[in-house]
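Everything numeric in this text was worked out from a predicted model, so none of it was measured.
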Amino acid sequence: KFLDRFDIKDDSAVWFEKVKEILVEDLQLSESDIKMEAELISDLGINSLELADLVLLCEEKFDIEITDDEIHKFVTVGDVVEFLSAKVEL
C-alpha cells in the first residue's frame, strides 16, 4: 500500500503537505519546486522577508511560537516539516 510508507510516528507526510500549502498559497511558490530537500533560500528563492512571513503563518496556523534560534535552523523545507512535526500535535 502506498500510504504505508508514510505511516511514521511524526506524521511528516502530513506536515509536508501543510508546509507546501503555505509555500504555494501564501508565498506564491511553484508546487513542483517544493521538496523535502529543497533549500528555502538557494532552491526556492525565499528572502528574509518571506522567511519571516513563513514563520508568522506557521505561528498563526498552528498556534505556536518559533524563536529566532529555531528560525536559524530552517534551511530546507524538511527542516520546517521536522520542526513542526516535533512541536505540534496533529
key: Modelled atom types, side-chain donor and acceptor of S85 and E82, under 3.5 Å   =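 Looking only at side-chain atoms, E82 and S85 do not form any donor-acceptor pair under 3.5 Å.
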Just list the side-chain donor-acceptor pairs under 3.5 Å for residues 54-65, sequence neighbours left out, or say none.
residue: E59; atom: OE2; partner: I66; partner atom: N; Å: 2.8

task = Among V19, V14, D79, find the one that has a side chain to side chain contact (heavy atoms under 4.5 Å, CB included) with L84.
result =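 Answer after filtering V19, V14, D79: V19.
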inquiry  = For a side-chain contact (heavy atoms from CB on, under 4.5 Å) check, start with the C-alpha distance between I71 and T67, then their side-chain angles and the critical distance, and finish with the verdict.
reply    = CA-CA 6 Å; I71 294 167; T67 68; over 6 Å; no
message = Is it the case that atom NZ in K73 sees more than 12 heavy atoms from other parts of the structure closer than 6.0 Å?
response =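 For K73, atom NZ is not crowded (no more than 12 foreign heavy atoms under 6.0 Å).
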Determine the minimum heavy-atom distance between [X] and [Y], stating which atoms define it.
X	Y	value
F74	L40	O-CD1, 3.5 Å
D53	L27	CB-CD2, 3.9 Å
D33	L44	O-CD2, 3.5 Å

ask   = How many angstroms lie between atom CG of L23 and atom CD1 of I34, to the nearest 0.5 angstrom?
value =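 Answer for the CG-CD1 pair, L23 versus I34, is 4.5 Å.
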inquiry  = Can you tell me how far apart CG (D11) and CD (E17) are? Round to the nearest 0.5 Å.
reply    =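 These two atoms lie 12.5 Å from each other.
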query = Which pairs count as side chain to side chain donor-acceptor pair (under 3.5 Å) when at least one residue sits in residues 34-52, sequence neighbours excluded?
reply =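 Residue pairs with at least one partner in residues 34-52: E39-S42.
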inquiry  = Test of understanding: clusters of I, L, V, M, F, W, Y form through side-chain heavy atoms closer than 4.5 Å, transitively. Do V75 and V80 belong to the same one?
reply    =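 The answer is no; the residues belong to distinct hydrophobic clusters.
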key: Worked check of salt bridge (Lys or Arg N to Asp or Glu O under 4.0 Å) between E21 and K18   = CA-CA 5 Å; E21 182 180 309; K18 291 177 180 292; over 6 Å; no
